[in-house]
Amino acid sequence: MELKNAKPVLNAIGVPKPISGNSATVFSLIGADELQHIAVKCFTREARGQERRYKEISEHLAQVDVDSLSQPWKMDFEYIPEGILVEGARYPILRMRWVDGVQLSHWLNSHYQDQEAVAEVARNFAEIVNDLRRNNIAHGDLQHGNLLVAPDRTLRLVDYDGLFVPSLAGQRGTEVGHRNYQSPYRSLDDFGPNVDNFSSWVIYTALTAVAADPALWPQMHETDGESLLLTEDDFSDPTGSARFPGLLRHPNPVVKASMERLAHLCEEQFDEIPRLDLELLSVKAGAGPHHLTDSPLSSDVDAKPGRPAWLETHLSGNLGRQDFSVEGFQGWRQKEFFLCLLGIFAIFVPVVAGVAGLIGLGFIVSGMSVLLLLFASLLAVAHARRPEVEALRNGRRSLNQLIHLTRDASADYVAVREELDRLIDDEEARIELNAEKNHKLTVQLHREFARIESERKLEVSEVGQELRMVRAEKDSSVAEALRPLQQPWVTERLPSYLLREARLSGITSKHVGALAQLNLHSAADIIGVKPVQSGAGALLMTSDGRTVKVPGVGPAKANILYAWRQRCEEEVRASCPVVLSEEQDSEIERMFKPRLDAIQHKRNLVDQAAEQKRSTARRDLGTARTRLADRHQEELEPLRAQIKKLNLRLVDIRVNAAEMHRLRETRTRLLVDARKVSYFRYLHFLFLRQ
């Protein structure tokens, strides 16, 4: 009922939108609630034991614990034996939950430059392969079309037609998988738990290579092509491949090593190909893009975290170890004791002298002012020379120096950013240009193949014409040898082909009557036509040796009569049971065999020459691509070195900004803490210290 009430998603011309595959077509349906999305798979060809296979697969998948999987890649389905009615006949369908995701190759078209994202998808793919192995499952057709990338970069695995589960052990496979993802040695007999080994390496190698060098995707992937980076031609002949040589010489060690491993696997027998094991990989499951390439943030100087290398140089001496915190005054020194005595003397001596009458009031005030001024001056000097105050001054000086240095180092951020953007644009333009050149080389190869094929067809046509002529000559020789043997049969049966029963164009009953008067009644009576030199008449040659003129029968009608006679003779001969003897047949065969063998040899030479030309074209393409890749790397290496250098500079500038903020906060705290060693705090320290 759920499917009955659902509505199919329509395409631009208003018919159900199909997604076609090798043996089935999938349609998207929307449930009656307008919310639920359903996928329905209609099979386009019958597979032997299909219902039993899906039953075994469904039962095994039902036992898989979803919570134990690395990601929700498992798709539930229901096999309905009589699910759809077409022209009065019922056919099976597969009901599945609709999966929101993008095919792997289409996803890479949009995300190949995001190294972190591609590396994450590679890790997720390796985890799916591990999930399959742990649950005793093999997919049988791992390829870009059966791997959907969800928005969170996890993967969904679709198309379970060729799935292997333990209960299907011992059976043959129903398919050998997509040709651009399979070992050259795979056959339908290769159906077991290790059937995904080669395709797993193909996909993982491609993903890690693109994560290591994003430029590989536009360079190596053919737009709308049915592969990632490599095709079945590359797997069949890695040394003669147009793509493998450049990848095997790639400057990135991850790309080079993974491609060397894949090239080696292409030569292994199918049963000897190892499984994709995370422990064997050069890139571990937790590796990010900086594990796949030389990290753009690495530097020759071992800078401490959070500070640029140049700043560490300035902080490497005493300046870097200085503590900017401010403490209050600690401990009297001898000069502070004498200052206190001077202060007491300045206040009390004039007062005592005045009380004793030794000096007047005016002198008392003047004396106290002079002594107090002297005391304040000495106090200010002593305060300035206190180690706490000197530490404050040094701290301020150091902070100002660091702030000045940091400000200078950060001043060219805009210029560095603009230069970096320009270099990145230049790099992208060079990559795009290189991809266009690679595409032109591919187009050139296809044109060369088309030219070679056109020349081959022309030469094959000429050889075929020659072959037909020799065979016709051979058939003529056979007919000539058979003629005397068949003649009694022909002579006996030709009289049964009567003129009055023939339906010949232009020959009327009047003409038949005229022929009968001349005793010409059947095909046996006419053996030839003799044209008359003057006039428009014609003479018929009869079987009894006469040459007769038939009224109303001119050259055209005479030829029609003779052609009818020949057709009758051919028909009679075709029914003749007489054949050549073995000796006669062998003699004719020996007579024509050298010529037929020579023609077949010529045909073989044409095919060999065409294949040699194609091999040369592929080799030339590989050489051209290798040269192009070498030049491309030579152009990109200094450019990428500059980009790396500017990236390091930008990292320094960003750290400088953080360092500037930290230093300003420190200076603010220092200004607040300076109150602890102010002049008035010093007075308090001297006279009110408890």
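Fair warning: this is a prediction, and the values are worked out from it, not measured in the lab.
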No-hydrogen, no-angle side-chain donor-acceptor test under 3.5 Å, [X] and [Y]:
{"X": "N109", "Y": "W217", "value": "yes"}
{"X": "D152", "Y": "T154", "value": "yes"}
{"X": "E56", "Y": "S167", "value": "yes"}

- prompt: Under 6.0 Å from the six-membered ring centre of F449 and within 45° of its axis: does the NZ or CZ of R456 meet both?
  reply: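 The answer is no; the distance or angle limit is not met.
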If the threshold is 4.0 Å, N to carboxylate O, is there a salt bridge linking [X] and [Y]?
{"X": "E448", "Y": "K613", "answer": "no"}
{"X": "D65", "Y": "R134", "answer": "no"}
{"X": "E116", "Y": "R153", "answer": "no"}
{"X": "R627", "Y": "E634", "answer": "no"}
{"X": "R631", "Y": "E635", "answer": "no"}
{"X": "E59", "Y": "K55", "answer": "yes"}

query: Looking at residues at least two apart in the chain, or sitting in another chain, which of them share a ring pair (Phe, Tyr, Trp, His ring centres under 6.0 Å) with Y181?
result: H144, H178
Heavy atoms, side chains only, cut-off 4.5 Å: are [X] and [Y] in contact?
{"X": "L276", "Y": "F125", "value": "yes"}
{"X": "V165", "Y": "N136", "value": "no"}
{"X": "P151", "Y": "V102", "value": "no"}
{"X": "I203", "Y": "L207", "value": "yes"}
{"X": "L163", "Y": "H60", "value": "no"}
{"X": "V202", "Y": "F235", "value": "yes"}
{"X": "L216", "Y": "H250", "value": "yes"}
{"X": "L148", "Y": "L155", "value": "no"}

statement: Here the pair of heavy atoms bringing R430 nearest to H632 is O-CE1, 3.6 Å
task: Examine F198 together with F270 and report whether their ring centres are nearer than 6.0 Å.
output: no
- request: Using the salt bridge (Lys or Arg N to Asp or Glu O under 4.0 Å) rule, take R451 and E455 through it: C-alpha gap first, then chi angles, then the decisive distance, then the call.
  value: CA-CA 6 Å; R451 184 189 66 79; E455 292 178 354; 2.5 Å; yes
query: So, does H111 use its side chain to make a donor-acceptor pair with the main chain of V118 at under 3.5 Å?
result: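 No: the side chain of H111 does not pair with the backbone of V118.
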N/O donor-acceptor pair under 3.5 Å between S454 side chain and A450 backbone: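 No, because the side chain of S454 does not come within donor-acceptor range (under 3.5 Å) of the backbone of A450.
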field: Selection residues 249-259 - residue pairs positive for salt bridge (Lys or Arg N to Asp or Glu O under 4.0 Å), sequence neighbours left out
entry: R249-D630, K256-E260
task: Just do the side-chain contact (heavy atoms from CB on, under 4.5 Å) check on R53 and Q171 with the steps written out, would you?
output: CA-CA 10 Å; R53 280 179 177 268; Q171 298 188 27; 3.6 Å; yes
- request: Given side-chain hydrogen bond (donor to acceptor under 3.5 Å, both in side chains), test D234 with T231 step by step and report yes or no.
  value: CA-CA 5 Å; D234 302 306; T231 67; 3.3 Å; yes
